[in-house]
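Have a look at the structure below before the remarks.
Only this structure's heavy atoms are used, side chains among them; waters, hydrogens and symmetry mates stay out. In what follows, every chain begins at residue 1, and chains take the letters A, B, ... in the order their sequences are listed.
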Amino acid sequence: MDNPMNSAAQLLLMLTFSVGLGGHSLPAKAAGDVARGADVFAQECAECHSPREGKNKKGPSSFGVVGRKAASLPDFVYSDAMKQSGIVWNAQKLDAYITSPRAVVPGGKMKYDGLDNAQERTDLIAYLSSLR
Amino acid sequence: MLSRLDRMPLVRAPLLALVLFAGLMPAAHALPAFARQTGQECAACHVGAYGPQLTPYGVAFKIGGYTDSNGQAGHVPLSAMLLGGFTHTGADQQDPPTAHTHRNDNFTVDEVSAFLAGKLTEQLGAFIQATYDGVEQRTALDHADVRFAHAMQLAGKDTVLGISVNNNPGVQDPFNTMPVWGFPYTGPAVGFGGGDAATLINGGLEHRVLGASAYAFWNNSLYGELGTYRALSPSVQSITGQGRGDDMGRLGGDTAYWRLAWMQDARKQAFQAGVFGLRTSIQPDRLSSGPRDHYDDLGVDASYQFLGTRKHVATVATSYIRERQTSDALFASGDAASRKVSLNEFRLNASYYYDQTWGLSAGRFLTVGKRDPLRYADGFANGSPNTSGYVLQADWTPWGKEDSWGAPWANLRLGVQYTMFDRFNGAKHNYDGNGRDASDNNTLFLFAWTSF
């Protein structure tokens with residue numbers, strides 16, 4: 001008879017893996033450091049984005065961005081390119097977008113060249129995942 | 001020429017007196033109208049959450065013609081500003097600096113300004129300031145910079161091409177190293193901010209000229225600009241509030257202003273280095289056959305900003321300007337002993353801001369030039385224009401951040417500034433022949449500076 005503890009561990013591992021494949025934020029949370037991500041946000045993003053709910057600056061609020069459909073905040077003026085992108089912001093899409101915004105959304109209006117450092121992106125996405 | 005912060009009526013050369021008069025109003029700008037337009041807090045564009053020292057984001061906003069916005073309609077491009085303070089000098093001044101002030105310990109309302117500032121159309125923006133000078137009790141057109149900016153791709157890189165129409169060489173510059181926007185960013189209207197000799201690009205043409213320049217900013221790094229200026233007629237100077245009595249004369253048709261700079265914005269830090277110049281001639285009597293005074297200013301500058309998470313922000317900036325003068329008009333009128341002189345200005349300053357709120361700044365200024373007993377006569381020792389000293393400042397900016405009270409409608413800076421001289425107008429002691437020492441001009445300035 002199988003050890004029930006091993007079965008539970010395997011189930012948890014499968015759930016985690018499947019959720020990760022589904023594009024939710026758990027992989028980023030597992031690998032990223034939220035505190036370091038907050039620093040990356042302050043360095044790279046905070047001039048244009050607020051972590052506060054309902055606070056749009058030049059860019060839309062980053063609160064709840066993970067899992068949000070692109071161009072879905074009603075009181076922010078998005079580019080046509082972003083409106084037509086069909087993106088839902090999961091960890092993978094965010095990672096690609098933060099790496100090179102114009103490659104993911106050509107014609108978008110975010111004036112940002114991208115963040116090359118993969119660990120910083122992971123930390124940043126972990127922080128964004130915490131904004132809810 | 002005089003420091004823009006100085007009011008001591010000591011010089012005899014006509015242009016120097018003009019600059020004294022033109023420079024009564026300290027430069028001072030931090031505009032909530034921009035914050036309302038962009039949705040950003042003041043701290044996004046300004047070091048220490050108050051103008052005018054620009055972050056790289058602020059540099060891009062200015063180069064973009066003040067037009068960047070959050071896309072929402074209905075922004076009104078208007079702001080207002082108030083600057084006032086208390087000024088104490090090391091020793092009483094010989095005479096009250098103005099008709100409405102005392103020889104020492106003056107409480108003053110230095111500036112009450114209204115601004116048209118921000119986006120006018122998609123590609124057209126403005127920064128136009130009108131100021132009531134509470135010390136002189138007069139109103140005049142202050143800094144004005146109207147811009148057209150067009151964003152495009154050049155060689156696969158983001159590029160901004162623009163045109164600036166303005167009334168002061170250097171007011172359009174996006175970096176805080178040239179005199180117009182350099183440290184200190186405000187100063188005592190009835191104290192001493194520097195000696196009585198200054199280069200032409202250091203306020204010599206301020207608000208009495210109109211010019212246009214074309215500029216390009218390529219790949220968020222390379223900035224180039226070329227422009228020219230013409231003197232406003234005495235009647236127009238009267239209309240703008242400068243007064244026709246202090247008209248400096250006519251500028252030569254070959255007047256050229258130019259700028260070349262490189263900026264590296266790494267977001268956690270930024271670096272800038274460049275060169276700039278102003279070349280012109282002034283015909284004081286405005287007669288085509290009259291003699292001219294020629295000025296050739298050449299400057300180099302550099303600055304560094306550590307921005308990090310914006311919790312700890314440190315900056316360093318420096319500039320050096322060398323001016324060569326060939327003064328045919330001054331020589332002909334007996335106001336100069338030599339036709340050719342040179343004048344050099346050096347500035348170095350550093351600042352640290354904690355939490356975009358608490359700031360400490362320190363600066364060194366040095367002006368050195370060739371002696372001329374007629375050009376630098378009354379109020380100067382040995383015909384020397386040399387002045388040097390230090391500026392120390394501590395300030396508190398409680399608002400201007402994302403969660404601040406009143407954002408984005410109000411901002412405030414309270415500060416204490418101390419300017420001390422180790423040499424003034426050519427000497428450490430008795431520079432004016434009446435026993436006044438350089439240290440007698442040491443100036444304590446307590447100020448409150450707010451904008452809406």
Residues passing the side-chain contact (heavy atoms from CB on, under 4.5 Å) test with B/A216, sequence neighbours excluded, are B/L161

For B/A273, the side-chain contact (heavy atoms from CB on, under 4.5 Å) test, sequence neighbours excluded, returns B/F271, B/A302

Under 4.5 Å to a heavy atom of chain B? For A/A38 that would be neither

Sequence neighbours excluded, the answer for ring pair (Phe, Tyr, Trp, His ring centres under 6.0 Å) partners of B/F148 is none

Could you show, one pair per line, the donor-acceptor contacts under 3.5 Å between chain A and chain B?
from   : atom 1 : to     : atom 2 : distance (Å)
A/Q43  : O      : B/R310 : NH1    : 3.4
A/E44  : O      : B/R267 : NE     : 3.3
A/E44  : O      : B/R267 : NH2    : 2.9
A/E44  : OE1    : B/R267 : NE     : 3.3
A/E44  : OE2    : B/K268 : NZ     : 3.4
A/E47  : O      : B/Q40  : NE2    : 2.1
A/E47  : OE2    : B/R310 : NH2    : 3.0
A/S50  : OG     : B/E402 : OE2    : 2.2
A/R52  : NH1    : B/D403 : OD1    : 2.6
A/K57  : NZ     : B/E41  : OE1    : 2.9
A/K57  : NZ     : B/E41  : OE2    : 3.0
A/K57  : NZ     : B/E402 : OE1    : 3.3
A/K58  : N      : B/T38  : O      : 3.4
A/K58  : N      : B/Q40  : OE1    : 2.6
A/K58  : NZ     : B/D68  : OD1    : 3.3
A/K58  : NZ     : B/D68  : OD2    : 2.7
A/D75  : O      : B/Q72  : NE2    : 2.8
A/R102 : NH1    : B/D158 : OD1    : 3.2
A/R102 : NH1    : B/D158 : OD2    : 3.1
A/R102 : NH2    : B/D158 : OD2    : 2.6

